[in-house]
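Take a look at the structure set out below.
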Amino acid sequence: MTRSTNTPPGRIRAFHEKFVVEERYVPARTRRNFYFTAGLLALVGVVVFVVTLANVLQRDDIATIDAPIEAWLDSSRTDTVTVIMIALAIIFGPLVLPIIILIVTVTWGIIAKHIWRPLLLAGGTLTGVIIVQIVTRVVGRSRPPVNLMLFGADPTYSFPSGHVVGTADFLLILTYLIYSRRSRPWAMVVAYLVSSVIIVLLATCRVYLGYHWATDVIASISISLVILGSVIAIDTRRTVRIPGEQITGRYSIAQTDGT
């Protein structure tokens, strides 16, 4: 049998299929829940960020939020806890975390049949980095005093925390992209709980080590909520279909629940 001239060779076909977005069928209610969740996350993130930023810019009232937390963490410092916190700061810092994200994204992109989700992960985390670079320079907030910093002086701006935004974006988006395709809601809940614990620990770490105020890390988490909501909305718009809708891609995944 002669191969059709419209059929690309094996390697070209495989490369082409990498960029085909798989579509999944869910009930209409489930798709509405995806959009509702995306909108709620973005709304909460925007509100928390605006309120926090307003307090930071006023400067007079912010001490009522930051000073007691900073004082309590300073009084709780021990050698063991400090070593743990420094380890967390290194793992989720600007040297190690980008390598982890790069390895995960590239590996996933290579082994996955379609590259849509790895691209979303890369795009979401990169968006967080860009937002942090812009906001820190616009706000120009000073970090806590150098004598409070336990891992060397850092003269850069404080608001928001790049450590927290990068980690939260990576963990939250990765969790969504993996578990939104699975049919076990409890697995997603457990994964989000684990991710949340890590994010809270890192946020506490940054304040404990004396590099950020509490409001810095609160704003960072709010930014990540907005980015997560945006990723969910984009992914839902591109991949989620309900029975009877026209298929725009070549692949579909049957799904009957809200995972």
Short question: side chain of Thr125, backbone of Ala122 - any donor-acceptor pair under 3.5 Å?
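Confirmed, Thr125 side chain pairs with Ala122 backbone.
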
Are Met85 and Trp213 co-members of a hydrophobic cluster defined by side-chain heavy atoms under 4.5 Å apart?
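Different hydrophobic clusters.
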
In this structure, would Val44 and Val217 fall into the same cluster of hydrophobic residues linked by side-chain contacts under 4.5 Å?
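In one cluster with Val44: Val217, yes.
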
With a 4.0 Å cut-off, would you call Arg238 and Asp235 a salt bridge?
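Here Arg238 does not pair with Asp235 in a salt bridge, since their nearest N and O are not under 4.0 Å apart.
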
Look at the aromatic rings of Phe34 and Tyr176 and report parallel, tilted or perpendicular, splitting at 30° and 60°.
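Judged by the thresholds at 30° and 60°, the geometry between Phe34 and Tyr176 is perpendicular.
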
Side-chain contact test, heavy atoms from C-beta onward, threshold under 4.5 Å: evaluate it for Thr239 versus Arg181 and give yes or no.
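Contact flag for Thr239/Arg181 side chains = yes.
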
Which pairs pass salt bridge (Lys or Arg N to Asp or Glu O under 4.0 Å) with one or both residues in residues 192-216, sequence neighbours excluded?
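Qualifying pairs, neighbours excluded: Arg141-Asp216.
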
Report yes or no: do Thr82 and Tyr208 form a side-chain donor-acceptor pair below 3.5 Å?
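Yes, side-chain donor-acceptor contact under 3.5 Å.
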
For the residue pair Arg31 and Thr236, confirm or rule out a side-chain donor-acceptor distance under 3.5 Å.
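Distance-only check fails for Arg31 and Thr236.
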
Just wondering, more than 12 heavy atoms not from Asp79 lying within 6.0 Å of its CG?
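Count not over threshold, so no.
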
Check the surroundings of atom CZ in Phe49: do more than 12 heavy atoms from other residues, nucleotides or ligands lie under 6.0 Å from it?
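Yes, because the 6.0 Å sphere around CZ of Phe49 holds more than 12 heavy atoms from other groups.
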
Which hydrophobic side chains are connected to Leu148, either touching it within the sub-4.5 Å cutoff or through other members that do?
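Grouped by the 4.5 Å side-chain rule, Leu148 forms a cluster of one, so the answer is none.
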
Derivation and outcome, side-chain hydrogen bond (donor to acceptor under 3.5 Å, both in side chains), residues Thr52 and Thr215:
CA-CA 6 Å; Thr52 306; Thr215 42; over 6 Å; no

